[in-house]
2 protein chains.
Amino acid sequence: MTRRAKFRQITIDEIKSLARLQMAEGGTASLSLNAIAKHMGMSGPALYRYFESRDALITALIVEAYEALANALEETAARFADQPVRDCLRQVLLTYRRWALDHPIDFQLIFGNPIPGYQGEEKITAPTAGKVFAPILKILQRAYQQENRPYPSFLENLPPQLQVRLSHSMREFQPSLPEKVVYIGIVGWYHIHGMIMLELFNHIQPLISDPATFYSNEIERLMDQMNL
Amino acid sequence: MTRRAKFRQITIDEIKSLARLQMAEGGTASLSLNAIAKHMGMSGPALYRYFESRDALITALIVEAYEALANALEETAARFADQPVRDCLRQVLLTYRRWALDHPIDFQLIFGNPIPGYQGEEKITAPTAGKVFAPILKILQRAYQQENRPYPSFLENLPPQLQVRLSHSMREFQPSLPEKVVYIGIVGWYHIHGMIMLELFNHIQPLISDPATFYSNEIERLMDQMNL
DNA sequence: AACATTAGTTATATGCTATAACTTATGTGA
DNA sequence: TCACATAAGTTATAGCATATAACTAATGTT
């Protein structure tokens, strides 16, 4: 990498870092290119040398958030790969919640409603989204294919029109992935997603005294249902 | 109501209506007092006679959204009150999803991440929030208290530190409400909330071919677990 | 040393929220 | 009925945002 490219990269990183900081303080909407530039000691329009628009910056942040979450999950999965499958999955699911609480802004960027005026570029963000789901699928695959755990009973009476649509990227990632495994993954993901969203955005505030314990309890129940 | 107050109310309603329309077209962030005023044939600042600020307008919309959702649920609950408890709950949960899909903006206002720059006034919105939960609790109370259904097995081994915190308004609403019933309600609500959020915000797009069937299937499973 | 590229600058258009100061319409009490 | 108060609107303006245009200074490259 040339000297110039290196400095450019540093600048880009600083912009993204400040953007995150700004959002952490004032919410996702408080992002202001102008303010970032000013804070970095340069004039507003200069930022447009690095990001084409506000939306472009947001898109970059979203992609990074996806990757960071995926990495966190993968790392946990790798660290506990030699443990029993249930223990491994538990740790991954705990990491999921932990990451969401530790990075609320990034989590909002990923799963929140579309940002102020930001018209999402799905072409950019969609492929990355699969990465988050991948580590969980991998663990489930291990359980049901390698270790031959019996499939959960709730798979038995599924209506025939209910089919899983595997995205192209997911097909590439794991061509041998049975739809049943994906279905189980989806069920589990939806379940924990609701909990985390409601906890994170404070819509349940006073309902549960100890969200962490509640979450733990629910994932145990979930894994029971999964025969893990 | 005086003649003036009547016209004032009409104006306020028109503002809110246009605000909703605007958000429906361009997302929750595209709300512009200026544009609304212009569209109504008056100048920007005139709107401030009716709403103190942008946030005040948003707060009003949130409160209305809560009430609308609560009404929809209550209405369904009332219509199926003479049916078996499982059928009644099923209809209410279906209404929940239906309403979310039919009023995506209002649903975002309620459950989405905080609006652009909008610093929520919890004092105003919080009490209304309980209303949404109330119809579901009422049905569960009927099941477990009036009809003496056995409590679900997942209640058995709850850790002692996991206690339900009933809000003041909820205590008032139903003083005899056992914590177990509330706990069951929470578990169910979290479960379906995740599904709806992910479907609504399109984060699962290509994963499930038929979200309606999936949802139906999951609520049946949920009610099985509830012993309904 | 000449040139091209990159990175910055200022000036400006446009749109937003919000406030201030002023004007006109509407309703009410003496 | 008329004077007055209140309500509802107006324009002007401050301040901040995104974004573009046109220009300049710095940095590499040939």
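Chain identifiers are assigned alphabetically (A, B, ...) following the order of the sequence lines, protein sequences preceding nucleic acid strands; residue numbering begins at 1 within each chain. Nothing here was measured: the structure is a model prediction, and the numbers come from that model. Note that these values count all heavy atoms, side chains included, but never hydrogens, waters or copies made by symmetry.
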Which word best sums up how the rings of A:Phe107 and A:His193 line up, parallel for under 30°, tilted for 30 to 60°, or perpendicular for over 60°?
tilted
By the 4.0 Å heavy-atom rule, please label A:Ser32 as base, sugar-phosphate, or nothing.
sugar-phosphate
For the base of D:dT18, is there a side-chain donor-acceptor partner from A:Arg54 under 3.5 Å away?
no
Sort out for me which residue in B:Glu220, B:Met226, B:Glu218 forms a side-chain contact (heavy atoms from CB on, under 4.5 Å) with B:Leu222.
B:Met226
State, without any angle test, whether A:Asn71 and A:Glu75 hold a side-chain donor-acceptor pair at a distance under 3.5 Å.
no
Consider the side chain of A:Tyr48, meaning its heavy atoms from C-beta on, and name the nucleotide among C:dC16, D:dA19, C:dT19 that approaches it most closely.
D:dA19
Interatomic distance where CZ belongs to B:Arg8 and C1' belongs to C:dA25 [whole Å]:
15 Å
Base, sugar-phosphate, or nothing: which does A:Ser53 touch, judged by heavy atoms less than 4.0 Å apart?
sugar-phosphate
Protein-nucleotide distance (A:Ile15, atom CD1; C:dG8, atom C1'), rounded to Å:
12 Å
Find the distance A:Asn34:CG to C:dT10:C1' and express it as a whole number of Å.
13 Å
Would you mind reading off the distance between B:Met40 atom CE and D:dA8 atom C1', rounded to a whole angstrom?
12 Å
Would you call the rings of A:Phe111 and A:Tyr96 parallel, tilted or perpendicular, taking 30° and 60° as the class edges?
tilted
Minimal non-hydrogen separation, B:Leu200 against B:Leu101, with atom names:
CD1-CD2, 3.8 Å
Could you pick out which residue, A:Leu31 or B:Gly44, lies toward the 5' side of DNA chain D when each is mapped onto its nearest nucleotide?
B:Gly44
How do B:Pro45 and A:Ser43 order along DNA chain C: which one's closest nucleotide is nearer the 5' end?
A:Ser43
Here the distance between atom C1' of C:dA7 and atom CZ of A:Phe7, to the nearest Å, is 13 Å
Considering only side-chain heavy atoms of B:Arg4, which listed nucleotide, D:dT6, C:dA20, D:dA19, is closest?
D:dT6
Between D:dA17, C:dG27, C:dT9, which nucleotide has the shortest distance from any of its atoms to the side chain of B:Arg3?
C:dG27
A:Arg49 CZ to C:dT9 C1', straight-line distance once rounded to whole Å
10 Å
Please give, in whole Å, the distance from D:dA17 P to A:Ile36 CD1?
10 Å
Nearest-angstrom distance from the residue atom CE of B:Met23 to P of C:dC16:
14 Å
